[in-house]
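For the numbers below, each heavy atom of this structure counts, side chains included, while hydrogens, waters and symmetry mates do not.
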Amino acid sequence: MYEPSEQDTSAEVPPRLPPVLLRPEAELRLAAERNPLLQDVRGYVAGLDENSEPRDALIPRWAEASGLVRVVKGKHVPLKRAAKLLDDPLRLWERLFSMIGEAGPPAAEMLLAKLVASISLTLYQSGPVRVPGELLFEAVELGQAPDEPTRYATTVALDLLDRLGAIEQVTADPAGLAMIAEITGKPDPSPFLLSLTPIAVWAINRELREAGMDAPVIGDAAGGSLGELSSRLVDSAPEIIDAELKAWARHRSPSDAAADAIEFLRTARLPEERLFALIALGETGEIGLKAAMGVRTEGGLVGAAAAMWLSERGAVSRETVTRDEVTVGMADHYAAMHALGAFVHQLADMDDGFDIVDLLTSSGHPDRLELLNVVGANHPAQKMAKKARTASFKLRSSGGA
């Protein structure tokens, strides 16, 4: 279904695909077995006899396109070599998925294969984040000629993907729908949010790899160093970060994982790297807690980050955490969230009584100026936003940045 385009192969930097979580094969096989469309295709092929004639309907077209039947004297005849495929629900589902572009109505067949590939890749690249259907329509239409019946063909493609169980659709809540309307400029946008099902993620990952694309799977990098893994995680969704770090920790013994995580924590240059080290350390149990206590005694930025991490887990009493540990440790956490694109969202949920400006200015954290600028531009309380802008100006004027 997907083949690298000329743009993909000629670009200096190929499109970066997020690592995906592949479900166990038994789970995928069960999902395929339960799919109603797959059962209909099996039933159609099994029910063929010498009097059967192909009808202009979805199931016969899909069966023929997938190589399960062929036309002999105007009639569909099952192919003997397809028997093994029909007995394997997972491989049959994969074959039906790969030929989905050939199964639609004749009016859409010229565009359908290209649109299915575009939709599948767009949803694959979004990872676990659901994509508003209206934005998906716009993204697909951008890649087509203005005079092509893209909207109709996209609707057909989505219907086929839905019938095969390749996509999941949920309805946006009122707030989400209002946001979609504001972004798209349409007063009555599609209310659906779309994502790939686990079996579709598996099938697309196989196709991408066969096409020579770099399509990583969660756990692929588990054998490497934590530093190598961290460089791949910065642009990933929180669910991907968590799954990758868990896979990394499970790949080695708790003692080895804790030792490696502590070493990376001590040498990390960036706040997000320290956060990743602590997340990995959390997968090592009691060994990790004891190791973090040792790092805390070393003081400094890393010691403060360890202190706050231990406090959050109840491993040390909150009363024993000093003010310096609190300000520096929290500032480092906010800096990590900012690097991951989440600090702005945290600001929206902050209590008006929490003075984040005082915390940042007193922390002495290397990234405090950048964080103050974000607070000044995005804090929901105007008084706090103004205070952050004033603090940022004073810090820059004093050369403290």
Side-chain angles (χ1 to χ4, degrees), residues 16-21 127-129 214 216-296 298-316 325-346 363 365-368 370-371 374:
R16 185 175 182 180
L17 297 168
V20 294
L21 177 64
V129 179
D214 180 16
V217 172
I218 288 175
D220 281 351
S225 70
L226 192 51
E228 292 169 339
L229 175 60
S230 294
S231 65
R232 299 174 50 174
L233 295 181
V234 177
D235 297 324
S236 299
E239 298 88 347
I240 298 296
I241 293 173
D242 185 62
E244 283 279 35
L245 291 171
K246 284 181 177 178
W248 179 88
R250 287 195 300 266
H251 189 76
R252 42 194 50 80
S253 70
S255 59
D256 286 345
D260 290 351
I262 286 294
E263 180 182 0
F264 184 58
L265 177 63
R266 287 191 175 108
T267 60
R269 297 174 299 167
L270 302 173
E272 61 269 29
E273 292 176 340
R274 288 187 285 274
L275 176 63
F276 295 156
L278 290 170
I279 293 174
L281 198 62
E283 297 299 315
T284 64
E286 193 68 27
I287 294 175
L289 295 176
K290 291 180 179 179
M293 289 178 186
V295 172
R296 182 193 179 188
E298 299 170 10
L301 195 156
V302 175
M308 290 301 298
W309 182 79
L310 289 165
S311 176
E312 289 170 2
R313 279 152 184 74
V316 297
E325 287 176 328
V326 170
T327 57
V328 177
M330 289 186 68
D332 198 55
H333 177 77
Y334 290 141
M337 291 296 99
H338 178 51
L340 300 176
F343 183 49
V344 170
H345 304 295
Q346 287 184 317
S363 69
H365 192 279
D367 296 335
R368 65 191 184 281
E370 186 173 356
L371 294 174
V374 176

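Side chain of D220 to backbone of V217: a donor-acceptor contact under 3.5 angstrom is found. At least one donor-acceptor pair closer than 3.5 Å links the side chain of E273 to the backbone N or O of R269.
To the nearest 0.5 Å, the span separating CH2 on W248 from CG on L233 amounts to 11.5 Å.
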Tabulate below the donor-acceptor pairs under 3.5 Å that side-chain atoms of residues 275-296 make, not counting sequence neighbours, or state none.
from	atom 1	to	atom 2	distance (Å)
T284	OG1	L281	O	2.6
T284	OG1	G288	N	3.2
R296	NE	E325	OE2	3.0
R296	NH2	T320	O	2.9
R296	NH2	E325	OE1	3.0

Can you give me every donor-acceptor pair (side chain of residues 329-341, partner residue at least two apart or in another chain, under 3.5 Å) with its distance?
from	atom 1	to	atom 2	distance (Å)
D332	OD1	R274	NE	3.3
D332	OD1	R274	NH2	2.7
D332	OD1	H365	NE2	2.7
D332	OD2	R274	NE	2.9
H338	NE2	E370	OE2	3.0

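The side-chain heavy atoms of L270 and S230, taken from C-beta on, include no pair separated by under 4.5 Å. Side-chain contact between I240 and P18 is absent, with no heavy-atom pair separated by less than 4.5 Å. Inter-residue side-chain proximity for E244 and S236 is flagged as unmet; no heavy-atom pair is nearer than 4.5 Å.
Legend: salt bridge (Lys or Arg N to Asp or Glu O under 4.0 Å) pairs involving residues 228-237, not counting sequence neighbours, sorted by first then second residue: R16-D235.
Not counting sequence neighbours, the partners of V344 by the side chain to side chain contact (heavy atoms under 4.5 Å, CB included) test are V374, N378. With sequence neighbours excluded, the residues that form a side-chain hydrogen bond (donor to acceptor under 3.5 Å, both in side chains) with E298 are R266. Considering only residues two or more places apart in sequence or on other chains, P238 meets the side chain to side chain contact (heavy atoms under 4.5 Å, CB included) condition with none of them.
Nearest heavy-atom pair, A222 versus H251, reported as atom, atom and distance to 0.1 Å: O-CD2, 3.6 Å. Smallest separation of non-hydrogen atoms from E239 and P128: OE1-CG, 3.6 Å.
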Would you check, one step at a time, whether the test side chain to side chain contact (heavy atoms under 4.5 Å, CB included) holds for D260 with L226?
-> CA-CA 7 Å; D260 290 351; L226 192 51; 5.7 Å; no
